[in-house]
Amino acid sequence: MTLRLHNTLTRTKEDFVPQDPTNVRMYVCGPTVYDFAHIGNARPAIVFDVLFRLLRHIYGEAHVTYVRNITDIDDKINARAAERAKDRNVPVLDMLREITAETYRVYQEDVAALGNLPATLTPKATESIPGMIAMTKALIDGGHAYAAEGHVLFDVSSKRDYGKLAKRSVDDMIAGARVDVAPYKKNPMDFVLWKPSSDDQPGWDSPWGRGRPGWHLECSAMIEESFSPGETIDIHGGGIDLMFPHHENEIAQSECAHHGAPLARYWMHNGFLNVEGEKMSKSLGNFVTIHELLADWPGDVLRFNMLRSHYRQPMDWTIAGMRESWNTLERWYARTEPLANWRVGETFLEAVSDDLNTPQAIAELHQAGDEELAGGLRLLGFNPAPERLASKKIVDTVEIERAIEARNTARKAKDFKESDRIRDELLAQGIVLKDGPSGTTWEVKR
RNA sequence: GGCCACGUGGCGGAGUGGUGACGCAGCGGACUGCAAAUCCGCGUACCCCGGUUCAAUUCCGGGCGUGGCCUCCA
């Protein structure tokens, strides 16, 4: 059984062959920590966690390194900090540290609540500044970058195959460009490696003055520091919207700084996510954060719902889908939880190994016996325990038990009018009764 | 304007050149005092128009539609 992955570089599914099966290397672009992560951010976190687990299953836990960075220096963060610092009348840089630390903390919590394993390494951009400066120097020395008006820019004309990931030529992009081109750029597509900072912006001393890195440079430097400098990694992942310009530019920087050594051999991109048929945006008011979702829904449900669509397909996130996911998981957890034994089924593993075809894999689980169901759930990152699906709704258990007793007394006396009245009353409170062979059980209706 | 995806039954969602994946909902049955839950059974779908083929939902071309990227974005 071979693992096949869709490679954005070739736009085809390819057999995955790591350079070194005892050292499989994967890097995924993590969040910019300026605001709570939204449901769209959850998609890559979950998708690549499944891939991480699958790689560990195939190559062994000790042989897979998964790096997910934290972007904690960025102009969006600066803008947010400046805004809030003004409101609260505190120094901008203090505000900035508070925002990134707090957002990072919540992100880690949210991601863990979705059933994701911690990444092997979680580098922060602010901890890789010297590496970024060194890479910028190397690019200038190699004739791939130039300093201009306090900025350092990457010269796209210095890389013949610039655009190979996004499959577009520099000429095409210039033709379609809608941006004002900064006067100090030699070429409109040149992008910033380093830019000057004012006193109230975070900055580091560099050969080009006090400044801060461009976004793309951060990832290139963090990859270099997380793995061995200059080495090609196996998999680089992220959202499809990062393909251009972010990933294209990472490739340009890293390859030029490393004398042409490819940055990554397999590039993977997850599709976009819509909410109830509409693009998620703050103006539409359908902006859903993971954090608020977790207040109403178990993390496992959110995870399962995500995996019901293939990661490359556009996905529509709906409440109806979440309910369906909850029901399915609840039934499955009831079956698998008491089982001590589990094993990963062959057809299930084939499906997951076919470019993470989780919808197909889930279909296999619907047909599977208890042990294979348990094994499949485990591999996908679920921990079958009913309490993980407990409703967050607060109910008066004692009151319910008392009502059930009263109802069963009425039933014994064949007073069905009374027993139905009690059942309806509970139903009105959202409590559903089930009369089984071993007595009456209840659950919270959704 | 340029580039790129996608269009499957009431809904979600895989897949395939030739016997209707799978789930949810719905319908019928079993069970139940009646229900719920559970179990059993039930479905002739692949945007449109051409082409290739013995055969196309699947391949090719064109059209229409939806969405994404080209600017911060998972």
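Numbered from 1 within each chain, the chains take letters A, B, ... in sequence-line order. What you see below is based on every heavy atom in this structure, not just the backbone, and it leaves out hydrogens, waters and symmetry mates. Predicted model, so just to flag it, every value in this text is computed and none were measured.
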Chemist: Starting at atom CD of A:Q360, determine the distance to atom C1' of B:U16, rounded to an integer number of angstrom.
Modeler: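 Rounded to the whole Å, the gap is 12 Å.
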Chemist: Looking for any heavy atom pair under 4.0 Å, which part of the strands does A:R312 touch: base, sugar-phosphate only, or nothing?
Modeler: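 Answer is nothing: A:R312 stays at 4.0 Å or more from every strand.
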Chemist: Could you tell me whether a side-chain N or O of A:E225 sits under 3.5 Å from a main-chain N or O of A:M222, the two making a donor and an acceptor?
Modeler: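 Pair absent, no side-chain N/O of A:E225 close to backbone of A:M222.
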Chemist: Which residues within residues 347-356 of chain A lie with some heavy atom under 4.0 Å of an atom in RNA chain B?
Modeler: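 Here the set is empty: none.
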Chemist: Apply the test ring pair (Phe, Tyr, Trp, His ring centres under 6.0 Å) to residues A:H247 and A:H269: give CA-CA distance (whole Å), side-chain angles for both, the deciding distance (0.1 Å), then the verdict.
Modeler: CA-CA 10 Å; A:H247 291 161; A:H269 292 97; 4.9 Å; yes
Chemist: Is there a ring pair (Phe, Tyr, Trp, His ring centres under 6.0 Å) between A:W317 and A:H38? Walk through the geometry before answering.
Modeler: CA-CA 12 Å; A:W317 186 91; A:H38 58 249; over 10 Å; no
Chemist: If you measure from the Lys or Arg side-chain nitrogens to the Asp or Glu carboxylate oxygens, is any gap between A:E248 and A:K164 under 4.0 Å?
Modeler: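 Answer for the salt bridge query: no.
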Chemist: Rounding to an integer number of Å, can you tell me how far A:N116 CG sits from B:A74 P?
Modeler: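 Whole-Å distance recorded here is 16 Å.
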Chemist: What do the steps show when you test A:Y266 against A:H236 for ring pair (Phe, Tyr, Trp, His ring centres under 6.0 Å), and what is the final call?
Modeler: CA-CA 6 Å; A:Y266 300 84; A:H236 188 126; over 10 Å; no
Chemist: If the P atom of B:G7 is compared with that of B:G12, how far apart are they to the nearest Å?
Modeler: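 Between the two P atoms, the distance is 13 Å.
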Chemist: For nucleotides 23-25 of chain B, give me every protein contact, N/O to N/O, under 3.5 Å, one pair per line with atom names.
Modeler:
unit_1: B:C24; atom_1: OP1; unit_2: A:R331; atom_2: NH1; d: 3.1
unit_1: B:C24; atom_1: O4'; unit_2: A:E324; atom_2: OE2; d: 3.3
unit_1: B:C24; atom_1: O2'; unit_2: A:E324; atom_2: OE1; d: 3.4

Chemist: Could you give the distance separating B:A55 and B:G17 at their C1' atoms, to the nearest angstrom?
Modeler: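 Each nucleotide's C1' atom is 7 Å from the other's.
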Chemist: Rounding to a whole Å, what distance do you find between A:Y333:OH and B:A37:P?
Modeler: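 Distance check: A:Y333 OH to B:A37 P gives 21 Å.
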Chemist: Sequence neighbours left out, what passes salt bridge (Lys or Arg N to Asp or Glu O under 4.0 Å) with A:E276? Give chain and number order.
Modeler: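 Salt bridge (Lys or Arg N to Asp or Glu O under 4.0 Å) list for A:E276, sorted by chain: empty.
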Chemist: When both hydrogen-bonding distances must be under 3.5 Å and the geometry is Watson-Crick or G-U wobble, what is B:U19 paired with, if anything?
Modeler: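 When the pairing criteria are applied, nothing turns out to pair with B:U19, so the answer is none.
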Chemist: Going by ring centres under 5.5 Å and near-parallel planes (under 30°), is A:F272 stacked on B:A74?
Modeler: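 Stack criterion met.
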Chemist: Against the six-membered ring of A:Y107, is A:R105 placed for a cation-pi contact (under 6.0 Å from the centre, within 45° of the normal)?
Modeler: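 The answer is no, since A:R105 fails at least one limit relative to A:Y107.
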Chemist: Quantified in whole Å, what is the P atom distance between nucleotide B:C39 and nucleotide B:C22?
Modeler: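 Between the two P atoms, the distance is 16 Å.
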Chemist: Let's go through A:F304 and A:W332 carefully: what are the C-alpha distance in whole Å and the side-chain angles of both, what is the deciding distance for ring pair (Phe, Tyr, Trp, His ring centres under 6.0 Å) to 0.1 Å, and is it a yes or a no?
Modeler: CA-CA 12 Å; A:F304 186 74; A:W332 281 357; 5.6 Å; yes
Chemist: Between C1' on B:C34 and CD1 on A:I422, what's the gap in Å once rounded to a whole number?
Modeler: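 Those two atoms, CD1 and C1', are 15 Å apart.
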Chemist: For a quick check of understanding: with a heavy-atom distance under 4.0 Å over all strands, which category does A:R421 fall into, base, sugar-phosphate or nothing?
Modeler: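 Counting heavy atoms under 4.0 Å across all strands, no contact is made by A:R421.
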Chemist: Mark yes or no for a side-chain to base donor-acceptor pair under 3.5 Å between A:R423 and B:A35, with no hydrogen or angle criteria applied.
Modeler: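 Indeed, a donor on one side and an acceptor on the other fall under 3.5 Å apart.
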Chemist: Could you pull out the closest heavy-atom pair between A:I223 and A:E250, with the gap in Å?
Modeler: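 What the structure gives for the nearest pair is CD1-OE1, 3.6 Å.
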Chemist: Nearest to the side chain of A:D435, heavy atoms from C-beta on, is which of B:C72, B:C34, B:C6?
Modeler: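 Between B:C72, B:C34, B:C6, the one nearest the side chain of A:D435 would be B:C34.
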Chemist: From the options B:A36, B:A14, B:G33, select the nucleotide whose nearest atom is closest to the side chain of A:K434.
Modeler: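 Of the candidates, B:A36 comes closest.
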Chemist: So, does the side chain of A:H269 form a donor-acceptor pair with the base of B:A74 at under 3.5 Å?
Modeler: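 Flag unset: no donor-acceptor pair detected.
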Chemist: Between B:G67 and B:C73, how far is it from one C1' atom to the other, in whole Å?
Modeler: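 Per the computed distance, 16 Å lies between those C1' atoms.
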Chemist: To the side chain of A:W215, which of B:C73, B:C34, B:A74 is closest?
Modeler: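 The answer is B:C73, which lies nearest to the side chain.
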Chemist: So A:K414, base contact, sugar-phosphate only, or nothing? Heavy-atom distance under 4.0 Å.
Modeler: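 Contact class for A:K414: none.
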Chemist: Would you jot down, in residue-number order, the residues of residues 234-253 of chain A having a non-hydrogen atom under 4.0 Å from RNA chain B?
Modeler: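 Contacts with RNA chain B under 4.0 Å: A:G238, A:G239, A:D241, A:L242, A:F244.
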Chemist: Measure from NE2 on A:H310 to C1' on B:A14 and round the result to the nearest Å.
Modeler: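 Going from NE2 in A:H310 over to C1' in B:A14 covers 10 Å.
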Chemist: Any side-chain heavy atom of A:D155 sitting closer than 4.5 Å to one from A:K186?
Modeler: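 Side-chain contact under 4.5 Å: yes.
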Chemist: Using atom P in both nucleotides, what's the gap between B:G15 and B:C47 to the nearest angstrom?
Modeler: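 Rounded to whole Å, the distance is 15 Å.
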Chemist: Consider the side chain of A:A363, meaning its heavy atoms from C-beta on, and name the nucleotide among B:A21, B:A14, B:G15 that approaches it most closely.
Modeler: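 Minimum distance to the A:A363 side chain belongs to B:A21.
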Chemist: What distance separates A:D355 CG from A:Y311 OH, expressed to the nearest 0.5 Å?
Modeler: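 OH of A:Y311 is found 3.5 Å from CG of A:D355.
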Chemist: What's the separation between atom CD in A:Q253 and atom CZ in A:F154, rounded to the nearest 0.5 Å?
Modeler: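 Reported to 0.5 Å precision, the distance equals 7.0 Å.
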Chemist: Answer with base, sugar-phosphate or nothing: what part of the nucleic acid does A:P314 contact at a heavy-atom distance below 4.0 Å?
Modeler: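 Here A:P314 touches no strand at all.
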Chemist: Residues in side-chain contact (heavy atoms from CB on, under 4.5 Å) with A:T126, at least two apart?
Modeler: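 Per chain and number, A:T126 pairs via side-chain contact (heavy atoms from CB on, under 4.5 Å) with A:D72, A:I73, A:K124, A:W204.
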Chemist: Using a heavy-atom cut-off of under 4.0 Å over every strand shown, decide if A:I362 touches base, sugar-phosphate, or nothing.
Modeler: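 No contact.
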Chemist: Does anything in residues 427-438 of chain A form a salt bridge (Lys or Arg N to Asp or Glu O under 4.0 Å)? List the pairs, not counting sequence neighbours.
Modeler: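 Those involving residues 427-438 of chain A are A:R407-A:D435, A:R411-A:D435, A:K434-A:E443.
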Chemist: Give the rounded distance in Å between these two atoms: CZ of A:F36 and P of B:A74.
Modeler: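 Answer to the nearest Å: 16 Å.
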Chemist: Of the non-hydrogen atoms in A:L139 and A:C256, which two are nearest, and what is the gap between them?
Modeler: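 Here A:L139 and A:C256 meet closest at CD2-CB, 3.6 Å.
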Chemist: Strictly by Watson-Crick or wobble contacts shorter than 3.5 Å, is anything paired with B:A45, and which nucleotide is it?
Modeler: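 Check on B:A45: unpaired, no WC or wobble geometry under 3.5 Å.
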Chemist: When the P atoms of B:U66 and B:A25 are compared, how many Å lie between them, rounded to an integer?
Modeler: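 These two P atoms come out 32 Å apart once rounded.
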Chemist: B:U66 P sits how many Å from A:D316 CG, rounded?
Modeler: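 Spelled out: CG on A:D316 to P on B:U66 is 16 Å.
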Chemist: May I ask you to say what A:N357 touches in the nucleic acid, namely base, sugar-phosphate or nothing, with a heavy-atom cut-off under 4.0 Å?
Modeler: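 Touches sugar-phosphate only.
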Chemist: Over all strands shown, is A:E364 touching base, sugar-phosphate only, or nothing at heavy-atom distances under 4.0 angstrom?
Modeler: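 If one applies the 4.0 Å heavy-atom cut-off, A:E364 turns out to touch nothing in the nucleic acid.
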Chemist: With a 3.5 angstrom cut-off on both distances, give the Watson-Crick or G-U wobble partner of B:A14, or none if there isn't one.
Modeler: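 Base-paired to nothing in any strand shown.
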Chemist: When the distance from CG of A:N41 to P of B:C72 is rounded to whole Å, what number comes out?
Modeler: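 The distance from CG of A:N41 to P of B:C72 comes to 17 Å, rounded to the nearest Å.
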Chemist: Counting only Watson-Crick pairs (N1-N3 plus N6-O4 or O6-N4) and G-U wobbles (N1-O2, O6-N3), all under 3.5 Å, who is the partner of B:U32?
Modeler: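 Base-paired to nothing in any strand shown.
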Chemist: Under 4.0 angstrom, heavy atoms only, what part of the nucleic acid is A:N274 near: base, sugar-phosphate, or nothing?
Modeler: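 Result for A:N274 = nothing.
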Chemist: Measuring only the C1' atom in each nucleotide, how far is B:A21 from B:A37? A whole number of Å is fine.
Modeler: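 Comparing C1' positions in B:A21 and B:A37 gives a spacing of 27 Å.
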Chemist: B:G18 and B:C59: how far apart are their P atoms, nearest whole angstrom?
Modeler: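 Straight-line distance between the two P atoms is 11 Å.
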Chemist: For A:T318, report the nucleic acid contact type (base, sugar-phosphate, nothing); a contact means any heavy atom under 4.0 Å.
Modeler: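 The answer is nothing, as A:T318 stays clear of every strand by at least 4.0 Å.
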Chemist: Paired with B:G67: which nucleotide, if any, by Watson-Crick or G-U wobble criteria at under 3.5 Å for both distances?
Modeler: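 B:G67 is paired, partner B:C4.
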Chemist: Identify, between A:S309 and A:V432, the residue whose nearest nucleotide on RNA chain B lies closer to the 5' end.
Modeler: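 Going by which nucleotide is closer to the 5' end, it is A:S309.
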